[in-house]
Amino acid sequence: MANLNALANDLVSGAVQVVDLTAPLHSNTPILVLPEPFGQTASFKLEEISKYDDRGPAWYWNNFHTGEHTGTHLDAPNHWITGKDGDDVASIPPQRLVGPAVVLDFVKEAAANPDFLLEVSHIEAWEKANGPIPKGAWVLFRTGWSKFGDDPKAFANADENGPHTPGLPPACAEFLATKRDILGLGVETVGIDAGGAFGMEVPFPCHNYLLGNNKYGLTQLRNLDKLPTTGAIVIAAPLKIVGGSGSPTRVFALVSK
Ligand code: 23J
Ligand code: MN
């Protein structure tokens with residue numbers, strides 16, 4: 001039987017730290033902007049109901065408006081046409097939202113080239129150095145992009161040719177989705193695909209292959225620099241939106257000190 005008492009003691013003593021990988025949600029949180037004529041997602045917005053006033057003398061509360069894919073969020077399999085018969089966000093088994101994290105650090109490469117693409121050979125070299133990507137892992141692609149997260153323009157890094165942010169080409173997305181037994185891919189950027197993914201020979205390959213193979217996406221992660229290369233546990237907690245294609249998500253990592 002697993003020893004949760006040891007974990008409880010380590011949480012209380014601080015030997016296990018809880019790192020928040022979630023970006024703050026507010027009206028200026030970056031959102032994906034798609035080209036015409038596609039539909040657009042909504043920014044996060046609070047709408048005050050009452051604040052200790054005549055609308056509610058002893059209570060403060062809000063409604064909120066948001067897209068499912070706003071801020072740090074999870075992509076469910078049914079978000080993409082390749083996963084249309086797969087789980088909605090409410091049907092994802094909770095056992096598949098918690099798992100070991102591996103961090104693939106390409107901060108230097110992404111700083112030198114915002115269109116940097118992670119290749120299969122990078123993953124194979126990473127595994128040679130760190131061991132195989134474990135079964136049931138969250139694969140976290142660290143690019144340093146979260147440092148632009150409070151500046152939507154810098155975060156999108158768009159010019160007349162579209163956004164320039166790092167990601168995976170089709171061959172690498174297909175490899176991760178089919179040759180490794182992972183929970184999903186976590187990234188620091190606005191979506192799991194590269195800024196240039198619309199123009200790839202399989203458009204949006206991470207969405208296409210990962211969601212089509214019952215894997216998940218996690219986006220706009222922060223604090224990946226606070227995680228070890230291996231050994232952390234990541235917990236993703238999307239809202240249980242019935243029929244939803246994703247949800248803003250609180251993401252925590254448990255890290256041994
Ligand atoms: C719809 C179409 C393209 C993309 C996306 C959504 C996302 O990035 C998302 O948040 O799922 S690239
Ligand atoms: Mn999404």
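Both backbone and side-chain heavy atoms feed into the values below; hydrogens, waters and symmetry mates do not. Just follow the structure's listing: the first ligand is 1, and inside any ligand the first atom is 1. Please read all numbers here as calculations on a predicted model, not as lab measurements.
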Trainee: Classify the ring geometry of F116 against F106: parallel below 30°, tilted from 30° to 60°, perpendicular beyond 60°.
Mentor: parallel
Trainee: Parallel, tilted or perpendicular, judged at 30° and 60°: which one describes the rings of F198 and F38?
Mentor: perpendicular
Trainee: Taking only residues two or more places apart in sequence, or in another chain, which ones meet H122 in a side chain to side chain donor-acceptor pair (under 3.5 Å)?
Mentor: none
Trainee: From the options H69, Q40, H79, H207, select the one whose nearest heavy atom is closest to atom 1 (C) of ligand 1.
Mentor: H79
Trainee: Which ligand 1 atoms, with their elements, are less than 4.0 angstrom from a heavy-atom of G191?
Mentor: 8 (O)
Trainee: Assess, by modelled atom type and distance only, whether the side chains of S245 and H69 contain a donor and an acceptor separated by less than 3.5 Å.
Mentor: yes
Trainee: D193 to ligand 1: N or O pair under 3.5 Å?
Mentor: no
Trainee: Identify, for atom 10 (O) of ligand 1, the protein heavy atom at the shortest distance, and state residue, atom and that distance.
Mentor: H73 NE2, 3.1 Å
Trainee: From the options T219, T41, T66, select the one residue that forms a side-chain hydrogen bond (donor to acceptor under 3.5 Å, both in side chains) with H73.
Mentor: T219
Trainee: Would one find more than 12 heavy atoms of other residues, nucleotides or ligands at under 6.0 Å from atom CD of Q95?
Mentor: no
Trainee: Return the number of protein N, O or S atoms with a distance to the Mn ion (ligand 2) smaller than 2.8 Å.
Mentor: 3
Trainee: Within the 3.5 Å criterion, strictly below it, is a donor on N63 or H65 matched to an acceptor on the partner's side chain?
Mentor: no
Trainee: How about T22 and P248: do any of their side-chain heavy atoms sit closer than 4.5 Å?
Mentor: no
Trainee: Indicate, as side chain, backbone, both or neither, the part of F38 found under 4.0 angstrom from ligand 1 when only non-hydrogen atoms are considered.
Mentor: neither
Trainee: Verify the distance criterion only: is there a donor paired with an acceptor across the side chains of D115 and H164 at less than 3.5 Å?
Mentor: yes
Trainee: Tell me whether W80 has any N or O atom under 3.5 angstrom from an N or O of ligand 1.
Mentor: no
Trainee: Could you identify the single nearest non-hydrogen protein atom to atom 4 (C) of ligand 1 and state the distance to 0.1 Å?
Mentor: L32 CD2, 3.4 Å
